[in-house]
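Everything below concerns the one structure shown next.
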Amino acid sequence: MNRKFLTLSLATLLSTSCFAQIKPLIPNKTAIKFSSAINPTNAYKHLSVLASDAYEGRETGKKGAWMAADYIRDYFKSLGLKGPADGGYFQKIDLVNVTLKSSQVTVNGQPKEYQKDYVVTPSLIGDKGFMFSTDQIVFVGYAIKKDNYNDFAGTDIKDKVVMMFNGGDPTVKAGARIDRASYRTMLEERAKYFAENQVKAIILIDQSVDRITENTKQAQNNGRVMIKTIAALEAQKGAPRISISTAVANELLKSTNTTVADLQKKITDSQTPASQVINVPFSASAAKNETPVRCENVLGYLEGSDPILKKEVLVLTGHYDHIGLVTDPNATDKVNNGADDDGSGTTGVLLMAKAFTDAKKAGKGSKRSILFMTVVGEEKGLWGSEWYSEHPVFPVENTIADLNTDMIGRIGEEYLGKPDSANYIYSVGSNMLSSELGTLSERVNATYTKMKLDYKYDDPKDPEQIYYRSDHYNFAKVGVPIIFYYDGMLLQDYHRPGDEVSKINFPLLAKRAKLTYFTAWELANAAKRPAVNMDGKGNPKTK
C-alpha cells in the first residue's frame, strides 16, 4: 500500500466520509429494490457452506478448494450467469506440484547430504535443471548496496559463483522495522545486478537449514505447488540457488581463517563489508519433477444491456481460497476455516451476483457487462488474479474497474468498542489511478450506506503495505482503477482456526457488500467510465 494520494494530515481529515462536503447522488430506486438480495440471511447461507469444516480450509490445489470452486460455479449457473472462459465457468490455471528429482553438492570433492547440509528449492529450478562447478567463490556478505554501505565494492562477480547470507541487513538496527517497499526495491535491484553480471550460481548461508526437522523434510519431499505465471517462469531463468548450513559455510570459509559468526560480527560492528574471494572446489546439480494440479478461477458473466457499452466490463472479485488444514498434530481444531479471509468477500460477490441477475431478469439489467470472479491462490501469492491479468478473458483496455472484497465480515482491532465499530470499512486505493472513482465512491457512500470510509491504508508509510496484498493489485498494475474493501480483522484469528463463521457479523458483512454493490451499480450504468487520470501512486498524471 505504499502509495501517495493524500498527505497524512489530509488523510486524517478524510478518514470519515464528510457528507456535508460530498454531493450525494440521486438515489436510484431500482438499485435499492434489488439490493434486498444482499442480506444477512443469504450471506449466512453461502458462508456457512464455504467456511465449514467439510471444505477443509479451501487450500489452493486441494480438495476443499475444488469443492468451493464447484459450489460457486453451480451457484453462478443457477443464476443464469454465462461461463465466459472458453464456454465454461472455470479459468484453468497452470498449477503444478514441484518435487525434487535429484540433487548433488560437493565441497572439496566430498559429497554433502541433502536436507542436512544443503537444500535446493525445486520451484526455482529451471525446466532443464542445473549443473555447475567452480574453484572460486565470491563472498558478498549480505549482497546489499545502499547509502554508504556496498557489499559489491571492489568485487568482480561476472560469471562467478557468489555466496551470501540469506536475509538480514547489517545497516538496520536490531528490532527496527524494515520498510517493505524499500526492501522489495532492494531485492529487485540485487536480482537485476546479478542478471547483468551473469552470475553462475548463488549459495545462500541459511540458518534454517540448521533447524531442519523430520516434519520439515516431509513437507519438502511432498513438494510445493507453484503457478507458472510469467513472473514464476522469469524466476526460474535466474541463477541456480542452493541453501547451505552454517557448518558447510564454515567449511568453505576455513581457507580464509574465518567463520560465519566472525563475519557477521565484523560486518555488523564495523558497518564495513567483508567481501572476499574463497578458493575452494564446489560443485552442484539438481533436477525437478512437475505434476499438474487442478486449480481455477471461477467466472460468471452478466452481459450488459446497452449495445455499445456492453463491450466494457466491470470486475467484482474476492478470493475463495484459504490456507487449509492445521499442520500441528496436537491441535484440537484442525481446520483454518477462513470465514472472514476470504469467505466473507467471496460471499459478497455471490450476493452481488444475485442482485444484478435479479435486476436483469426484471428487465433492469446493467448497461455495461459485469464479470463476477472468485479467484484462487491469493494466499499463495495472488496467483489467480495474476494469472487473469496475464491471460484476461476480456481485454484489459475494456475493463473499467475492479472492486475487490477481501475480509468484510468482522470488526478489526482498531474499531473494537468504538462508536463506528459496526459502521466502517477500510477503503483502499480508490484514488490511485482514478480520482473520479474515488469521488464516486464517496458520493455512493453518502447516498446509500453512510459508512465511515477509513483511508488509513492509503498512507504511503503504511508498514503493512496492504495495497499490495490482495487481488486488486494485479488489476491496478495493468492500469485498471480499483477499490479494495477490507475490515482489518483481529490478528489473533488471522490465518488461524479462530476465523470461524460464528464470529462473523452478518449485518455488517451485508452492509459492506451493499456499498460495493451500489458502487458497482453506478459504474455499470454511468454514461462514462472512470478516467485513469492518476499515475498509480495517487498523483495526477502529467502530459
Side-chain angles (χ1 to χ4, degrees), residues 16-19 22-40 42-43 79 302 304-305 309 312-318 344-360 362 364-373 400-406 408-409 420 422-431 434-455 472 481-487 506-530:
T16 303
S17 297
C18 302
F19 302 126
I22 299 297
K23 182 180 179 181
L25 303 166
I26 298 174
N28 187 302
K29 294 181 180 180
T30 302
I32 294 171
K33 175 183 177 181
F34 292 104
S35 72
S36 63
I38 304 173
N39 61 61
N42 286 344
L79 295 177
L302 184 68
S305 61
L309 294 180
E312 297 181 347
V313 180
L314 168 66
V315 183
L316 304 179
T317 54
S344 63
T346 298
T347 295
V349 174
L350 301 186
L351 296 175
M352 289 186 285
K354 169 68 171 169
F356 276 105
T357 54
D358 283 352
K360 183 167 185 178
K364 304 293 183 181
S366 60
K367 294 179 181 178
R368 289 183 176 82
S369 300
I370 302 176
L371 178 64
F372 302 92
M373 180 164 66
I400 68 164
D402 170 57
L403 304 183
N404 182 44
T405 48
D406 187 354
I408 59 170
D420 291 315
N423 196 47
Y424 81 96
I425 188 69
Y426 291 106
S427 176
V428 183
S430 61
N431 284 273
S434 173
S435 63
E436 293 180 4
L437 180 57
T439 298
L440 176 65
S441 174
E442 287 278 351
R443 294 186 70 191
V444 167
N445 184 54
T447 304
Y448 296 105
T449 46
K450 298 180 174 59
M451 303 183 76
K452 176 178 179 178
L453 300 184
D454 192 325
Y455 295 101
H472 61 280
I482 64 91
I483 302 177
F484 167 32
Y485 301 98
Y486 169 62
D487 61 22
F506 283 96
L508 184 55
L509 187 162
K511 188 168 188 178
R512 289 163 171 166
K514 280 189 177 183
L515 171 62
T516 314
Y517 160 79
F518 284 121
T519 306
W521 186 281
E522 295 297 331
L523 288 168
N525 291 288
K528 295 182 179 179
R529 62 192 287 177

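Since we're looking at a predicted model, the values are computed, not measured.
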- CG of D454 to CD1 of I425, rounded to nearest 0.5 Å, is 9.5 Å
- Item | Pairs flagged by side chain to side chain donor-acceptor pair (under 3.5 Å) wherever residues 520-530 is involved - sequence neighbours left out | none
- Indicate the atoms forming the closest heavy-atom contact of P40 with P507, along with that distance. CG-CA, 3.8 Å
- Could you tell me whether the side chain of T447 and the main chain of R443 form a donor-acceptor pair under 3.5 Å? yes
- Is the closest side-chain heavy-atom distance between S427 and I483 below 4.5 Å? yes
- Atom CG in L302, atom CG in L79: separation rounded to 0.5 Å? 9.5 Å
- Message: The criterion is salt bridge (Lys or Arg N to Asp or Glu O under 4.0 Å); which residues satisfy it with K354, sequence neighbours excluded?
- Response: D358
- Query: What is the minimum heavy-atom distance between I38 and A510, and which atoms define it?
  - Reply: CG2-O, 3.5 Å
- Query: Side chains of S441 and L453: closer than 4.5 Å at any heavy-atom pair?
  - Reply: yes
- Closest approach of I370 to A524 (non-hydrogen atoms, all atoms of both residues): CD1-CB, 4.2 Å
- Query: If you round to the nearest 0.5 Å, how far is CG of L351 from OG of S344?
  - Reply: 10.5 Å
- State, yes or no, whether a side-chain contact exists between Y485 and L515 at a heavy-atom distance under 4.5 Å. yes
- Message: How close do N28 and A31 get, counting heavy atoms only, and between which atoms?
- Response: OD1-N, 2.9 Å
- Taking every non-hydrogen atom, the tightest pair across P481 and L437: CB-CD2, 3.8 Å
- Rounded to the nearest 0.5 Å, what separation is found between the CG atom of L440 and the CZ atom of F518? 13.0 Å
- Take R368 and L523 through the side chain to side chain contact (heavy atoms under 4.5 Å, CB included) test and state the conclusion after the steps. CA-CA 8 Å; R368 289 183 176 82; L523 288 168; over 6 Å; no
- Message: Is any side-chain heavy atom of D487 closer than 4.5 Å to one of Y424?
- Response: yes
- Message: V349 vs T317, test: side chain to side chain contact (heavy atoms under 4.5 Å, CB included). Steps then yes/no.
- Response: CA-CA 7 Å; V349 174; T317 54; 5.7 Å; no
- Query: Measuring from I408:CD1 to T516:OG1, what's the distance to the nearest 0.5 Å?
  - Reply: 6.0 Å
- Message: Nearest 0.5 Å, please: how far is CD in E436 from CG in N431?
- Response: 11.0 Å
- For this output row, return yes or no: ring centroids of Y448 and Y517 closer than 6.0 angstrom. no
- Message: Using side chain to side chain contact (heavy atoms under 4.5 Å, CB included), reason through T519 and L403 one step at a time and then give a plain yes or no.
- Response: CA-CA 9 Å; T519 306; L403 304 183; 4.1 Å; yes
- Query: Is L371 close to L316 at the side-chain level, that is, under 4.5 Å between some pair of heavy atoms?
  - Reply: no
- Are any of the side-chain heavy atoms of L508 and M451 separated by less than 4.5 Å? yes
- Query: Going by distance alone, is a donor N or O of one side chain under 3.5 Å from an acceptor N or O of the other, for T449 and N445?
  - Reply: yes
- Report yes or no: is the cationic atom of R512 (NZ for Lys, CZ for Arg) closer than 6.0 Å to the six-membered ring centre of Y486, at no more than 45° off its axis? no
- Only counting residues at least two apart or in another chain, list the ones meeting side-chain contact (heavy atoms from CB on, under 4.5 Å) with S305. K367
- Under 3.5 Å, is there a donor-acceptor pair between the side chain of S430 and the main chain of G438? no
- Just checking, is any N or O donor in the side chain of K511 or N423 under 3.5 Å from an acceptor N or O on the other one? yes
- Message: Assess the residue pair D402 and H472 against the criterion (side chain to side chain contact (heavy atoms under 4.5 Å, CB included)); give the C-alpha distance rounded to whole Å, side-chain angles, the decisive distance to 0.1 Å, and a yes or no.
- Response: CA-CA 7 Å; D402 170 57; H472 61 280; 3.6 Å; yes
